[in-house]
Amino acid sequence: MIQMETTIRFAETKDLESLLKIDRLAHQEFPDWWDCLEASEMKKLIGKSKFNVLVAVVDGGIVRFLRGSLLENNRLYVDDIFVLKELEVRAWENK
């Protein structure tokens with residue numbers, strides 16, 4: 001089994017293109033359910049609060065991200081979680 005090291009961190013402006021790519025892929029998979037965000041909207045989410053967008057990085061690339069909202073009493077409401085299909089395939093192949 002191949003171990004893949006995953007790093008979880010807050011999204012940064014430099015991640016914008018990767019996040020938009022994953023967002024577009026989600027729309028392709030679920031066109032009736034998910035509308036893509038504009039780059040300016042995603043940028044606002046990244047800059048709004050460090051709790052709004054978290055990313056998972058494997059081998060230097062973003063493979064998933066979580067979008068959420070910080071609620072009262074420091075609770076996090078998860079709006080969406082996106083995972084690249086390639087990661088799912090690699091995980092199953094390595095079992």
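Numbering starts at 1 and runs along the sequence shown. None of these values were measured; they are calculated from a predicted model.
Arg24 is linked by a side-chain hydrogen bond (donor to acceptor under 3.5 Å, both in side chains) to nothing, counting only residues two or more places apart in sequence or in another chain. Residues satisfying the side-chain contact (heavy atoms from CB on, under 4.5 Å) test with Ala26, not counting sequence neighbours, are Trp34, Phe82. In this view, Asp35 satisfies the side-chain hydrogen bond (donor to acceptor under 3.5 Å, both in side chains) rule with no residue, not counting sequence neighbours. Residues satisfying the salt bridge (Lys or Arg N to Asp or Glu O under 4.0 Å) criterion with Asp23, sequence neighbours excluded, are absent altogether. Partners of Glu29 according to the salt bridge (Lys or Arg N to Asp or Glu O under 4.0 Å) rule, which considers only residues two or more places apart in sequence or in another chain, are Lys85. A search for side-chain contact (heavy atoms from CB on, under 4.5 Å) contacts involving Glu17 returns Leu20, not counting sequence neighbours.
In terms of heavy-atom proximity, Thr6 sits nearest to Ala56 at CG2-CB, 3.9 Å. When all heavy atoms of Asp15 and Phe10 are compared, the closest pair comes out as OD2-O, 4.4 Å.
The distance from the CG atom of Leu37 to the NZ atom of Lys44 is 11.0 Å, given to the nearest 0.5 Å. Here Leu19 contributes atom CG and Glu12 contributes atom CD; the two are 10.5 Å apart, rounded to the nearest 0.5 Å. Atom CG of Leu16 sits about 5.0 Å away from atom CD1 of Ile46, to the nearest 0.5 Å.
Val78 and Ile8 sit in two unconnected hydrophobic clusters of ILVMFWY residues. Membership requires side-chain heavy atoms under 4.5 Å apart, directly or through other members.
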